[in-house]
Amino acid sequence: MTVRRTLPQRARTLIGAWCFVDHYGPDDVSDTGGMDVAPHPHTGLQTVSWLFSGEIEHRDSLGVHAYVRPGELNLMTGGHGISHSEVSTPATTVLHGVQLWVALPEQHRHTARDFHHHAPRPVALDGGEVRVFLGTLAGDTSPVPTFTPLLGAELTIHPHAALTLTVDPAFEHALLVDRGDVTLADTPVRPAELGYLAPGTTTVTLANTGDEPARTVLIGGTPFEEEIVMWWNFIGRSHEDIARAREEWMSSANPDRFGAVQGYPGDRLPAPELPGVPLKPRGNVR
Ligand code: MN
């Protein structure tokens, strides 16, 4: 599949607590078979799945069996440990969406595994439409709780229209453009880029300068001040945190940590080898 990873980047590790942004597709997967990710672990983070088209079958070690569908948030809290599988369904022809991760703050990074689903109602705006899947924007608030202040919303913008949104000045924001000729505060943002707005702004202005509808995802949050170590599917604070998580996934020493996924027809994913040098904590370059 075509995947554009826009976070982390060399110059930036986090936007608020958002620490990973993958934008994939649109890919016609009716011939290739689509997505098939065998059971794999997570720790120290939440995963946010948001689709524009297609359908993904999710199974996890909490016992959740769910379908990820366009316009519906599926938020999985890894906490101390979870495992899950993700498989696009036979009904999927075009797979297209974003996969986002949220770093958990120190006091909550070992929380219990959890799962939330929310289908936000589309809110019509002068110039477009918004679906708020996390946090508050344009008068709509997601009921899904977060461990740090966060915003996540899909915004569509009509051709040759602009949106001005009131935002929390304590937040930093980033804009992912899925399609269309979009500017953020008068600066063009292309697909595979991430437009950035530092804290201190009270409005975000998006414009669609093209003839086709534009679609974007706006994320934000209060700056995450902790440094993190991110490796494979794990987030910790030290090399030792990661090495322990890897060991507990690969061995049978602590099977309860990540649990087991029921119903996936195949083996779980082995972790790659750790690099030969210690993993270093990273934060934002300031
Ligand atoms: Mn995963």
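Order of listing sets the numbers, starting from 1, for every ligand and every atom in it.
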Problem set entry | Atoms named by residue and atom, protein N, O or S, within reach of the Mn ion (ligand 1) (under 2.8 Å) |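 Short answer, with waters excluded from the count: H40 NE2, H42 NE2, H84 NE2.
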Exercise. Do the non-hydrogen side-chain atoms of M76 and D60 ever get within less than 4.5 Å of each other?
Worked result: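 In short, these two side chains touch, coming nearer than 4.5 Å.
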For this session: Treating Ile, Leu, Val, Met, Phe, Trp and Tyr as nodes and any side-chain heavy-atom pair under 4.5 angstrom as an edge, say whether I15 and L73 lie in one connected cluster.
Result: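 Yes, I15 connects to L73 through the hydrophobic network.
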Exercise. Aromatic ring centroids of H108 and H110 under 6.0 Å?
Worked result: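 Centroid separation for H108 and H110: 6.0 Å or greater.
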Exercise. Backbone N or O of T111 within a donor-acceptor pair of the T77 side chain at under 3.5 Å?
Worked result: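 Between the backbone of T111 and the side chain of T77 there is no qualifying donor-acceptor contact (under 3.5 Å).
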For this session: List the steps, then state whether side-chain contact (heavy atoms from CB on, under 4.5 Å) holds for M35 with E86.
Result: CA-CA 7 Å; M35 175 188 285; E86 296 159 289; 4.0 Å; yes
Problem set entry | Residue of the set V182, L206, V132, D178 for which side chain to side chain contact (heavy atoms under 4.5 Å, CB included) holds with L155 |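 Considering V182, L206, V132, D178, a side chain to side chain contact (heavy atoms under 4.5 Å, CB included) with L155 is found only for L206.
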